[in-house]
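Structure record follows, encoded as structure tokens.
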Amino acid sequence: MPLPTIPPFPDNVPTHPLRIIDYQLIKAKDEMEMESLWEAAKSLGFWYLKNHGADDEVDTMFDFSAEVMALPLEEKMEFTQGDGGNSFGYKYIGGNTIEASGLRDSNEFFNISKDDAFSYPIVTHRTYPALINNNMETVVAPFIRKSLEVTRDLVNVLNDKLCLPFNELGKRHNLNELSGNEARLIRIPPNLSLDRKALGHHTDFGSISFLHNRLGGLQVLPPGSDRWQYIRPIPGHAICNVGDALHILSGGILRSNIHRVLAPPGAQSHYERSSVVFFLRPGNSVILNALTEQSPMIKKAMYSADSEKFMTNTTAEVWQARRFKYRRAVNQKGPETWYNGQGTEGRDYT
Ligand SMILES: O=C(O)CCC(=O)C(=O)O
Ligand SMILES: [Fe+2]
């Protein structure tokens, strides 16, 4: 389907530049490119990824997302995530809180588990609407397969840069183990007020996020700054970022940076905003502790770190369930519920 003509991202809003990493060079083990990825992952924890080879799968997912979101609300509501900390399924608008005050989000999303996509028609975690089932093998699984290839290659580079033994991070992302790996389709309705936080500030739960944006709205709060800055969408460039799991496993060397999504800026605000993401997350049983015994570099980083923060003694599964559960609006009893759902942000923001 041809892309709708959308107004350009405005030039008069604060943006944050990102390094551009060329995936083909990463695959070719180009030293300079691997070094650039390493720098990006340590400094802001966000970078653009070009030549990722997933354009066709991503375009198909955008078309598919429009169809999924157009399903009647009653049908989507039959497949909600529930309130117990499960990630897979539908989140309705206002389903989550975005601040300690209890303010609600303004986006809807559908999370589709990699395990369910790959085992289809066998149900591993949960069921989905017929429209998703009918596209599981032709649309969802191919996108997830490509995304896994890309994100796992990035993880392997970071593994070596962290002086970890061969495949130490790779084995924590074993595809034969059940995990929180998922594709997410997000929709933000048009004409939200421009300062409206559609998706509240957060760090991602897992290892690497592989995000595809067409409209603006994503913002990062750069380290040491109190000024939110937009990430400008660039056609064909994915936005990748490090999540909590890699931040913890690396003893804080890799950065899981806080980000949020506002209504698209400028004339783009009149358009519905869709995004497509794949979240690479560790296997469910992986303990989120810094890998101090496996890497002298991580051990050294821990001397100066608040080491308790990097020894959670919690599995990836429990970490993720906690974060989801305490963001659910129906579970909010007060500001403490919000704080119980915090990740590795370190400080609070509004
Ligand atoms: O839609 C976006 O641009 C970002 C979404 C995001 O941060 C998330 O789903 O974790
Ligand atoms: Fe995110």
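In listed order, ligands and their atoms are each counted from 1. Hydrogens, waters and symmetry mates play no part in the numbers below; they use all other heavy atoms, side chains included.
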Within the 4.0 Å heavy-atom shell around [X], which atoms of ligand 1 are there?
X    : answer
H259 : 7 (O)
D204 : 10 (O)
F279 : 8 (C), 9 (O), 10 (O)
S275 : 1 (O), 2 (C)

Side chain to side chain, [X] and [Y], heavy atoms closer than 4.5 Å:
X    : Y    : result
E272 : M69  : no
F278 : S209 : no
E57  : P142 : yes

Determine whether the side chain, the backbone, both or neither of [X] has a heavy atom under 4.0 Å from any heavy atom of ligand 1.
X    : answer
F109 : neither
H202 : side chain
L211 : side chain

Measure from the ring center of [X] to the ring center of [Y] and say whether it is less than 6.0 Å.
X    : Y    : result
Y23  : H52  : no
H201 : H259 : no
H212 : F62  : no

Given atoms NE2 of H202 and NE2 of H259, what angle do they subtend at the Fe ion (ligand 2), to the nearest 10 degrees?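 Angle NE2(H202)-the Fe ion (ligand 2)-NE2(H259): 90°, rounded to 10°.
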
Distance from [atom] to nearest protein heavy atom, with residue and atom:
atom                   : result
atom 3 (O) of ligand 1 : R273 NH2, 2.8 Å
atom 5 (C) of ligand 1 : I186 CD1, 3.6 Å
atom 4 (C) of ligand 1 : V261 CG2, 3.6 Å
atom 9 (O) of ligand 1 : R184 NH1, 2.8 Å

E74: what forms a salt bridge (charged side-chain N to carboxylate O under 4.0 Å, His left out) with it, not counting sequence neighbours?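 E74 satisfies salt bridge (charged side-chain N to carboxylate O under 4.0 Å, His left out) with no other residue.
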
Residues two or more places apart in sequence or in another chain: which of them pass ring pair (Phe, Tyr, Trp, His ring centres under 6.0 Å) with F64? none

Considering only N, O or S atoms, which atom of D204 is nearest to the Fe ion (ligand 2)? OD1

Going through the distances and angles, do K29 and D160 end up as a salt bridge (charged side-chain N to carboxylate O under 4.0 Å, His left out)? CA-CA 12 Å; K29 304 236 168 288; D160 298 350; 5.8 Å; no

